[in-house]
Enquirer: 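To start, I am sharing the structure in question, which I have written as C-alpha cells.
Note that the structure is a prediction, hence the values are computed from the model and not measured. Excluded from the calculations below are hydrogen atoms, water molecules and symmetry mates; all remaining heavy atoms, backbone and side chain alike, are included.
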Amino acid sequence: MLRVGTDCSGIEAPIMALKQLKIPFRHEFSSEIDKHCIESIKANYKPKKIFGDMKKRKIKDVPDIDLYICGFPCQPFSMAGERKGTEDTRGTIFYECLKVIRNKKPNYFILENVKGLITIDEGNTLKEILQSLKELKIYNVEWKVLNTKDYGIPQNRERVFIVGIKKSLKKKFKWPEKKKMESLKKYIDWKDTRKDVLTERQKNQIKIINPNSYFIDISFNFHKYPNADKYSPCLITISSF
C-alpha cells in the first residue's frame, strides 16, 4: 500500500487524483495554514495527521512515506507577484520540502510551481533547487513545464513539475502524453430549459467571446494573458462578470 504525504495541501488534488486513478494508498499526512482548506481536508480525506505551518513542526513527527507531493507557494516566483523569490519568506518553503525528502527518503516525490520559477533570478533559483535535490545522491531528478490545456483540461495553466525517483528502484519516469481537448459544447446540457436573467453588461460581454474558445473566464478576457480568449489562465471565485 502506497503511503502518501502532502504539504501545502490545498484542496488535496493529489489525493483526489490517486482516488480517481484507483491507486491503493494510505493518506499519512496533509499540511495547510488555511483554515478553510483544513476543514475541507478533514471533511473529504481524513489523513492520519494534519499539520498546520510546516515550518513549525518537528521532522520526527512527520510519518514515513513512499510518495511525497508539494506545490510550494508560487507567489514569490509568479509573474503576477513581486517576484522576490527566496527573499520572500514563502519562497523558502522549498527547503522545508527538502527537509522532508532528505529525512523521510520517499521512493518518489513530485514538486510543483509556476513557470516563473524558471526565469526568476536568471534561472539560478531553479538551478539551486535541482542541485539541492541531486546532492541527496539517491534520486534521479527530472523537470518539465506542462500546460493543462495539453492534457484535456480547458485551461491555459503552465506549471513546472519536478519529479524524483529513487535510483535503487531502477524505474524510468515517463511524462504523460498530450491529449486533445474536447470542446466545451460536449459538456453542455442541451435539455436544460431554465432561463437565467442576465444583465445588459453580461449579454454584451458574451457577444464578444471568441467562437473558438474552449473555456474562458470572462474576467480574464480583458487582461494580457496569452490565449485568454481561448483558455482560462485560472478560475476565480470573485468575478467582475
Side-chain angles (χ1 to χ4, degrees), residues 4-18 29-34 37 41 51-55 57 62 65 67-102 104 106 108-136 139-151 153 155-165 173-176 178 220 223 225-228 231-236:
V4 183
T6 71
D7 278 329
C8 305
S9 305
I11 60 172
E12 277 298 12
I15 299 299
M16 175 57 72
L18 289 170
F29 71 88
S30 297
S31 172
E32 250 305 330
I33 59 172
D34 186 287
C37 287
I41 292 168
F51 297 100
D53 188 341
M54 59 189 289
K55 293 186 292 184
R57 71 188 176 195
V62 177
I65 44 175
L67 170 63
Y68 175 65
I69 305 170
C70 182
F72 53 104
C74 64
Q75 294 92 333
F77 313 109
S78 173
M79 294 296 291
E82 296 181 11
R83 310 207 78 203
K84 292 184 178 180
T86 51
E87 292 180 11
D88 186 323
T89 54
R90 294 170 297 186
T92 62
I93 292 294
F94 162 73
Y95 297 102
E96 297 299 323
C97 300
L98 184 64
K99 187 186 298 183
V100 174
I101 296 169
R102 181 189 295 118
K104 297 301 169 179
Y108 316 93
F109 65 78
I110 302 172
L111 304 178
E112 176 264 347
N113 213 288
V114 293
K115 185 182 177 182
L117 181 64
I118 298 174
T119 55
I120 195 167
D121 190 24
E122 299 181 341
N124 289 320
T125 297
L126 178 60
K127 288 179 183 177
E128 182 179 338
I129 287 172
L130 295 173
Q131 186 61 30
S132 298
L133 293 167
K134 290 176 181 178
E135 284 178 356
L136 298 176
Y139 292 101
N140 289 318
V141 181
E142 298 184 42
W143 72 275
K144 192 172 185 178
V145 175
L146 303 180
N147 193 327
T148 52
K149 73 180 180 65
D150 295 325
Y151 300 92
I153 300 172
Q155 189 178 19
N156 189 47
R157 192 178 183 89
E158 293 179 298
R159 291 294 182 268
V160 175
F161 287 88
I162 303 171
V163 177
I165 299 179
F173 180 73
K174 183 180 179 181
W175 294 98
K178 291 185 178 182
F220 280 100
H223 292 270
Y225 288 92
N227 299 314
Y231 312 99
S232 175
C234 63
L235 304 179
I236 60 176

Enquirer: How far apart are the closest heavy atoms of I33 and D53, and which atoms are they?
Expert: CG2-CA, 3.7 Å
Enquirer: If I compare all heavy atoms of C97 with all of F72, which pair ends up nearest, and what's the gap?
Expert: SG-CB, 4.3 Å
Enquirer: Decide side-chain contact (heavy atoms from CB on, under 4.5 Å) for V4 and I65; before the verdict, give the C-alpha distance in whole Å, the side-chain angles of both, and the deciding distance to 0.1 Å.
Expert: CA-CA 5 Å; V4 183; I65 44 175; 5.8 Å; no
Enquirer: Name all residues meeting the salt bridge (charged side-chain N to carboxylate O under 4.0 Å, His left out) criterion together with K127; count only those two or more places apart in sequence or in a different chain, and write none if there are none.
Expert: none
Enquirer: Do the side chains of F161 and W175 get nearer than 4.5 Å, heavy atoms only?
Expert: yes
Enquirer: Give, for atom NZ of K144 and atom CD1 of I162, the distance between the pair rounded to the nearest 0.5 Å.
Expert: 14.5 Å
Enquirer: Can you see which heavy atom on G164 is nearest to which on Y139, and at what distance?
Expert: C-CD2, 4.1 Å
Enquirer: Roughly how far, to the nearest 0.5 Å, is OH of Y95 from CD1 of I101?
Expert: 12.5 Å
Enquirer: Roughly how far, to the nearest 0.5 Å, is the CD atom of E142 from the CG atom of L133?
Expert: 12.5 Å
Enquirer: Does the E32 side chain pair with the main chain of G10, one donor and one acceptor, at a distance under 3.5 Å?
Expert: yes
Enquirer: Testing the basics here: between Y68 and P106, what is the closest heavy-atom pair and its distance to 0.1 Å?
Expert: CB-CG, 3.9 Å
Enquirer: CD1 of I110 to CD1 of I69: how many Å apart, nearest 0.5 Å?
Expert: 4.5 Å
Enquirer: Please report the interatomic distance CG(L111) to CZ(R159), rounded to the nearest 0.5 Å.
Expert: 14.5 Å
Enquirer: Regarding R57 and D7, does a basic nitrogen lie under 4.0 Å from an acidic carboxylate oxygen?
Expert: yes
Enquirer: List in chain and number order the residues that pass side-chain contact (heavy atoms from CB on, under 4.5 Å) with E12, two or more places apart in sequence or in another chain; answer none if no residue qualifies.
Expert: T6, S9, P14, I15, H27, S30, I41, Y45
Enquirer: Can you tell me how far CG of N113 sits from CH2 of W143, rounded to the nearest 0.5 angstrom?
Expert: 12.0 Å
Enquirer: Using modelled atom types only, decide if a donor and an acceptor are shared between the side chain of S31 and the backbone of C8 within a distance under 3.5 Å.
Expert: no
Enquirer: Classify the angle between the aromatic ring planes of F51 and F29 as parallel (below 30°), tilted (30 to 60°) or perpendicular (above 60°).
Expert: perpendicular
Enquirer: Show, in sequence, the C-alpha distance, side-chain angles and deciding distance for L98 and L136, and conclude whether the side-chain contact (heavy atoms from CB on, under 4.5 Å) test is met.
Expert: CA-CA 9 Å; L98 184 64; L136 298 176; 4.1 Å; yes
Enquirer: CD1 of I11: more than 12 outside heavy atoms within 6.0 angstrom?
Expert: no
